[in-house]
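Dumping the structure here so I can ask a few things about it.
The figures that follow rest on heavy atoms only: side chains count, while hydrogens, waters and symmetry mates do not. In what follows, chains are A, B, ... by sequence order, proteins preceding strands, each numbered from 1.
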Number of protein chains: 2
Amino acid sequence: MPRAKFDEIYRDLKLRIENDEYPQGELLPSENELAATYECSRNTVRRAMAQLASEGYVQPMHGRGVRNIYSPTGGATFIIGGIESFKESAVRNQRNASTQVLRFEEMTVDARFSEKSGFEIGALVLHIIRLREFDDEPLIIDHNWFRRELLPGLTLELAAGSVYDYIEEELGMTIATSKRTITVERATAFDETHLDLKGYNCMAVVTSQTYDDNGMQFEFTQSRHRPDYFRFQDVATRRRQGA
Amino acid sequence: MPRAKFDEIYRDLKLRIENDEYPQGELLPSENELAATYECSRNTVRRAMAQLASEGYVQPMHGRGVRNIYSPTGGATFIIGGIESFKESAVRNQRNASTQVLRFEEMTVDARFSEKSGFEIGALVLHIIRLREFDDEPLIIDHNWFRRELLPGLTLELAAGSVYDYIEEELGMTIATSKRTITVERATAFDETHLDLKGYNCMAVVTSQTYDDNGMQFEFTQSRHRPDYFRFQDVATRRRQGA
DNA sequence: GCCGATTTGTCCGTATGTATC
DNA sequence: CGATACATACGGACAAATCGG
């Protein structure tokens, strides 16, 4: 799979910035210079730059240049970002991960659950509950509901591994977009029996609806995180308020 | 201020989608058609489309078309997103907002606070604590630390209003990017005296470092939200994992 | 303050690739 | 296969902001 040129440039610049090859707080080479060194058009450099800006690596300044505003976070906590599987998170956070399947059952969507999940009433879904451990410490309880018709061959054994691998590699399905909501909810008795909450009486909950590239919602998920290990990072850019 | 063409198109499409002028779950007119109706190049349409896609309004599908995947959220909770002031949030969430200044004092950055905030040691900062109420219910405690040198004329009276208005309109400073982190922390005695926590023993905390368009960090903020009213929304798109 | 050089921001037209139908 | 639609890339043009002389 030949990667897009702007993506190559984006990755290269990102690595260089992370490795301090550009001085922190200073300007990067101009877009024209970069276009010359990468042997591409300025548009292509700009596309890579937009990507970096959206991730908080650089800050373009009209008429002046593009400033490197990267600073390493250096936290020991579990960082989520993008759409990624538990396994991918574990690798990125350099942890040992393991999974324990607590429940695996089919159910039919009723009115109440339809409202919450976005699935239509009567749909057959697979409900899986999994306990996620990092370095032998249980940190997350994942509740997944998958449309059964889209994942007919999903078994308990597969659920213990990476469902995303199965979906993408076995089924060739493409995961496209996911709408996430972060809230804080009271811990349930179920949470407390499986996690050591360290005195907290609540959980950080990430709820998401995931769509495939046909625009079909195939998943609804609730990830319930032990609050002391939960951290979500984000870079926001301010846009002029409407007149 | 003449708005950019892609931004006009973005806003127009967004409104049309929100007002159900395009059927939900169906395809929008093709990029070429839209380019014709807006009398612009396809590139400009694509730029607007990328914006909409990043916000979860549409889903472009290679070779097929762009699907409208907008669905109204319709929650009664307080939704944060982007960089915006308390006042702007209140308007967007259609609430009556009021602010009470609990503390207003100058302080010098020591080693410990420097580590946490990103300010350098010895810098003079203004520490403001404000209680935010929506419809007469106290929901948020905001801790702001501003670089004193950048905001010399910030008074207690101004702090009771919108500091962002003062910064942008009075000083002409431009707020550019903000790095945010969402965590869950134990409620402090201070939290409990000012908020009714409804039995929760924790708070949803949004920590952010905000930079102006010179790349200078001028603000460090901790917004401590009553957990039952906190909600953060996000749209993630999955990118192919590196080979 | 003005002018010119530099740099980013916007927009266009075109060409080509790739996926879908 | 061809037509359609999105994806990538290029080169050029002009605008707007900044900076130095």
Base-contact (B) and sugar-phosphate-only (S) positions in nucleotides 1-10 of chain D, heavy-atom cut-off under 4.0 Å, - elsewhere: ----BBBBBB

Counter-base of C:dC11, judged by Watson-Crick or G-U geometry with both distances under 3.5 Å: D:dG12

Atom pair distance, as rounded to whole Å: CG in A:L27 and C1' in D:dC19: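 Value for this atom pair: 12 Å.
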
Identified side-chain hydrogen bond (donor to acceptor under 3.5 Å, both in side chains) counterpart of B:R16 within the set B:N19, B:D20, B:D12: B:D12

Other residues, nucleotides, ligands: >12 heavy atoms within 6.0 Å of B:E106 CD: yes

A:E39 CD: over 12 foreign heavy atoms closer than 6.0 Å: no

Pairs where residues 114-127 of chain B contributes a residue and the test salt bridge (Lys or Arg N to Asp or Glu O under 4.0 Å) is met, not counting sequence neighbours: B:E120-B:R147

By ring-ring contact (aromatic ring centres under 6.0 Å, His included) - contacts of A:Y57 (at least two apart):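 By the ring-ring contact (aromatic ring centres under 6.0 Å, His included) rule, A:Y57 matches A:Y70.
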
